[in-house]
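Structure first, commentary second.
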Amino acid sequence: MGGEIFTRPPEDFVQEVEAYRGYYLRGGGPIFALYETVRAIEDVAAAERRALTTEERALVQGIRRRTFVMFEEQLQREGDPGADPTIAAP
């Protein structure tokens with residue numbers, strides 16, 4: 001009841017989930033260091049009032065694919081039955 005249900009290609013799903021996680025989650029460790037890297041890339045572009053370059057966009061997408069797998073693998077180790085790092089597989 002309520003809410004819209006829609007499908008997404010796996011790559012779009014991974015990018016959106018990681019954009020959300022990177023924006024809202026805080027913590028330490030390698031995953032959060034990569035979130036900070038993405039934030040720094042986006043902050044520079046915003047400060048320069050420009051869109052991300054093709055290279056920056058590719059770098060951000062690659063980092064997000066990597067953090068998705070890392071995050072999902074961590075969830076699996078902690079016993080989360082819904083965690084699935086294979087969604088980000090090429």
Side-chain angles (χ1 to χ4, degrees):
M1 181 171 167
E4 294 181 31
I5 298 173
F6 53 93
T7 60
R8 285 226 171 288
E11 179 61 21
D12 292 350
F13 174 77
V14 167
Q15 294 300 315
E16 289 193 33
V17 166
E18 286 308 294
Y20 179 88
R21 286 175 177 165
Y23 185 80
Y24 288 104
L25 300 180
R26 296 292 178 260
I31 295 170
F32 293 96
L34 290 169
Y35 289 156
E36 287 294 325
T37 300
V38 168
R39 203 169 4 255
I41 292 167
E42 293 173 335
D43 287 349
V44 167
E48 294 174 356
R49 295 178 182 223
R50 62 173 176 80
L52 295 177
T53 66
T54 302
E55 294 81 12
E56 288 168 332
R57 214 172 15 260
L59 181 58
V60 165
Q61 290 173 343
I63 291 170
R64 285 183 174 153
R65 271 191 302 279
R66 195 160 137 206
T67 56
F68 182 86
V69 171
M70 293 168 70
F71 203 100
E72 294 293 304
E73 287 174 343
Q74 181 177 333
L75 291 174
Q76 276 185 332
R77 285 190 301 275
E78 295 171 358
D80 186 329
D84 186 2
T86 65
I87 293 172

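Just so it is clear, the values below take in all heavy atoms, side chains as well, and ignore hydrogens, waters and symmetry mates.
- Applying the salt bridge (charged side-chain N to carboxylate O under 4.0 Å, His left out) test to pairs two or more places apart or on separate chains, those with a residue in residues 7-27 are R8-E16, E11-R65, E18-R21, R21-E72.
- Applying the salt bridge (charged side-chain N to carboxylate O under 4.0 Å, His left out) test to pairs two or more places apart or on separate chains, none has a residue in residues 81-90.
- Distance check, rounded to the nearest 0.5 Å: CD1 of I63 to OG1 of T37 gives 5.5 Å.
- Remark: R66 CZ to I31 CD1 distance equals 10.5 Å, nearest 0.5 Å.
- Both M70 and L75 sit in one connected hydrophobic cluster of ILVMFWY residues. Membership requires side-chain heavy atoms under 4.5 Å apart, directly or through other members.
- Checked against salt bridge (charged side-chain N to carboxylate O under 4.0 Å, His left out), R39 has the following partners two or more places apart in sequence or in another chain: E36.
- Residue pairs meeting the ring pair (Phe, Tyr, Trp, His ring centres under 6.0 Å) criterion with at least one partner in residues 33-81, sequence neighbours excluded, are F32-Y35.
- One finds the CG atom of L52 at 6.5 Å from the CZ atom of R57 (value rounded to the nearest 0.5 Å).
- When the ring pair (Phe, Tyr, Trp, His ring centres under 6.0 Å) test is applied to F13, no partner is found at least two apart in sequence or on another chain.
- Q61 places no side-chain N or O within donor-acceptor distance of the main-chain N or O of Q15, the cut-off being under 3.5 Å.
- Other members of the hydrophobic cluster containing Y24, listed by chain and number, are Y20, Y23; membership follows side-chain contacts under 4.5 Å among ILVMFWY residues, whether direct or relayed.
- The side chain to side chain donor-acceptor pair (under 3.5 Å) search around E73 returns none, not counting sequence neighbours.
- Here E55 pairs with T53 under the side-chain contact (heavy atoms from CB on, under 4.5 Å) rule; sequence neighbours left out.
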